[in-house]
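Residue numbers run from 1 in the order of the sequence given.
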Amino acid sequence: MPDAADMRARYRRILRFALRYMVQSWWYELFLPRFGLSAIATRTRARRMQRIARRFHGLAVDLGGLMIKVGQFMSSRLDVLPPEITKELEGLQDEVPPVPFAQIRALAEAELGVSLERAYAAFDPNPVAAASLGQAYRARLAPEDAAQTGLDAVVVKVQRPGIEQIVAVDLAALRKVAGWLDRVRFVSDHVDLPTIVEEFAVTSEEEIDYLHEAQNGERFAEMFAGDARVGLPEVAWERSTRRVLTLQDVTAIKINDRDGLRAAGIDPTEVAERFAAVMFDQLFGNGFFHADPHPGNIFVTPLPDGEWELTFIDFGMMGQVPPTLRRGLRRLLIAVASRDGRGLVDSIRDVGVLLPSAETAELERAMSTLFARFGGMGVSELAEVDERELRRFAIEFGEVVRSLPFQLPENFLLIIRALSLVSGMCSALDPDFNIWDSVEPYAAQLLREERGNVVQGFAQDAVTSVRIAARLPRRIDDLVDRAQEGRLSFETPRLDRRVGAVERAVRRVVSAVVFVGLFIGGLVLRADDVVWGTIIVLASVPPLLHATFAGLAARSRGLD
């Protein structure tokens, strides 16, 4: 158990590290350019960023605790940090040695209120996993608990002793650093660091509450109840507390074990397809999703009837997508599937990621270039693209993104993290896996579900156009009457002809609007109702003819 002196030393070490590199950045990025020496800063920037990231990597491994989570969190903040840092940190894992079993035993027995020998029929002292926040062990429930729960083999997660104090100290240090950086205008204009730290704090505090994790697991189970594609472990509540969690041992074939899958008669390609579909259902359907679907948290479990299921574990990091954001994400997914760069930028703005003041012309251009050059490519196809071209585009795209006034909310970050892991996992299972092929059918399904709203919107537009068309002639006639009665005075003999020309032009514009509304609405409706869709398309013909030929007829009479 860490003492107060250790915690103070840890706090000061984190602050010293941050202050050192803040001063270094101030020197190179602010001071030297004032004296015309910006070339030095530019020339050394990549090397300095890599050195900072490398030293933070060492600090995180040495301190353990929340610092490793910070590194993993930072590695995915492509909207905030340069690629030199994110690349160096993306491989940061829980590289910490396990806590001696004597300390784990003491904490577990204090939490459970009984000895391990009494709580469990057997308990293996060798951890099956050792992470920065806790460790996992295999065990067997005592006979009375086994009879009550119907479980026998279990996995017991035990927190590292003192992890709550370590997390509290680390968060205090991060809040202090965020406060320092928030006073720098360049930083505060691009990212709200205090808010990011608070979002990170919520996620971290939830991860060390095992009862919260157990509740997440049960909610996940209810979400997929009756779904033969998904399985998950049951919770042994009698042997679970806030710092000890006992779960059914569901260890099976790791999802990335291609040889093991084939040996069990399971096609890795089918696993990739099902895994992508299940994750899309979580992200865009239910809105409650597993935010850490790495290979250690997903098993493929063979079933007695020759079938198999995806078994999820570790529900400490879960994401919640509110309904408004979920609707925005659906529009975003449809834009991605249709390779619509402008639509993608608009949907990102609707989601709230981009600030209203953001100038998006460059981002739209970058998105259009992305879709035009790389859209539809799978990983195997991208591997054939010149690495220099990919790197050049990544640098350019990253600069465009970081120049915009936006940041990713925590839930959005978890979504991107989950999608990145899904794409990587599926590509490892099937080298020819193309995530576009998985996105497009799902986007088509979403479009069908929302088609009623689309048709309704077109119908409303058409009705509005008709109402405008009905009102405008009367208003223009009133204008003409007022002019004829002398209530409007214009010193021109061509007034009647001018007003008539305006009236006819407005009517043609209105006819064009009505045509577009009816024609598109009819095409969309035809997919579900051929008769009414055809009727609406035919109804668009008269306004089209009016918009097209009314002007010609007027000119032939010499009226225009």
Side-chain angles (χ1 to χ4, degrees), residues 1-27 48-49 51-77 80-81 85-86 88-89 92-100 103-104 106-107 110 130-135 158-184 186-188 191-210 212 242-243 316-317 407 410 413:
M1 187 73 66
D3 58 25
D6 292 336
M7 292 297 96
R8 286 193 297 271
R10 181 186 184 91
Y11 179 79
R12 288 194 294 266
R13 185 175 176 186
I14 296 171
L15 293 187
R16 281 198 303 270
F17 179 92
L19 189 59
R20 173 183 178 181
Y21 290 107
M22 285 173 59
V23 171
Q24 183 188 96
S25 297
W26 172 82
W27 174 264
R48 285 186 288 110
M49 294 296 102
R51 185 167 58 248
I52 292 172
R54 194 174 300 118
R55 290 181 177 173
F56 180 83
H57 187 289
L59 175 74
V61 172
D62 189 28
L63 291 179
L66 207 56
M67 286 299 100
I68 287 181
K69 296 292 182 183
V70 171
Q72 294 171 341
F73 181 83
M74 291 167 63
S75 70
S76 58
R77 290 308 303 229
V80 177
L81 298 173
I85 290 181
T86 58
E88 186 69 31
L89 296 178
L92 185 62
Q93 300 297 326
D94 291 334
E95 304 170 17
V96 290
V99 172
Q103 296 181 32
I104 292 293
L107 187 148
S132 59
L133 302 183
Q135 297 177 185
V158 185
Q159 280 186 9
R160 283 178 170 259
I163 194 62
E164 290 180 333
Q165 294 93 315
I166 290 173
V167 168
V169 168
D170 291 354
L171 289 175
L174 291 173
R175 289 184 175 108
K176 175 67 74 174
V177 173
W180 289 344
L181 290 172
D182 197 48
R183 294 187 178 94
V184 181
F186 175 80
V187 176
S188 61
V191 59
D192 185 354
L193 275 177
T195 299
I196 289 179
V197 169
E198 292 309 315
E199 292 170 347
F200 180 68
V202 170
T203 301
S204 302
E205 289 166 353
E206 287 180 350
E207 273 200 88
I208 60 174
D209 183 351
Y210 286 166
H212 182 78
R242 192 171 184 275
R243 293 192 286 178
M317 186 184 293
Q407 67 178 42
E410 172 67 12
L413 171 65

Rounding to 0.5 Å, atoms CZ (Arg10) and CG (Asp62) come to a distance of 9.0 Å
Check: Quick one: are Glu205 and Leu171 in side-chain contact, heavy atoms under 4.5 Å?
Finding: yes
To the nearest 0.5 Å, atom CG of Leu174 lies from atom OH of Tyr11 at 10.0 Å
Residue set satisfying ring pair (Phe, Tyr, Trp, His ring centres under 6.0 Å) with Tyr21, at least two apart, ordered chain then number -> Phe17
Output for pair (Asp3 CG, Gln165 CD), nearest 0.5 Å, gives 10.5 Å
Heavy-atom closest pair (Val197 atom, Ala178 atom, distance to 0.1 Å) is CG2-CB, 3.7 Å
Is there a side chain to side chain contact (heavy atoms under 4.5 Å, CB included) between Arg13 and Met67 once you walk through the steps? CA-CA 12 Å; Arg13 185 175 176 186; Met67 286 299 100; over 6 Å; no
Rounded to the nearest 0.5 angstrom, the CG-OH distance for Leu133 and Tyr210 is 7.0 Å
For Ala130 and Pro98 the tightest heavy-atom approach is CB-CB, 3.9 Å
Quick note, salt bridge (charged side-chain N to carboxylate O under 4.0 Å, His left out) partners involving residues 159-168, not counting sequence neighbours, are Glu164-Arg242
With Leu66 as partner, the option from Asp170, Ile163, Ile166, Val169 fulfilling side chain to side chain contact (heavy atoms under 4.5 Å, CB included) is Asp170
When rounded to the nearest 0.5 Å, the distance separating NZ of Lys176 from CG of Leu15 is 7.5 Å
Rounded to the nearest 0.5 Å, the CG atom of Leu59 sits from the CD1 atom of Ile68 at a distance of 10.0 Å
Self-check item: Worked verdict on Val167 versus Glu207 for side chain to side chain contact (heavy atoms under 4.5 Å, CB included)
Solution: CA-CA 11 Å; Val167 168; Glu207 273 200 88; over 6 Å; no
Practice task
Show the numbers, then the answer: is there a side chain to side chain contact (heavy atoms under 4.5 Å, CB included) between Glu206 and Met317?
Solution key: CA-CA 8 Å; Glu206 287 180 350; Met317 186 184 293; over 6 Å; no
Using modelled atom types only, decide if a donor and an acceptor are shared between the side chain of Gln135 and the backbone of Val99 within a distance under 3.5 Å. yes
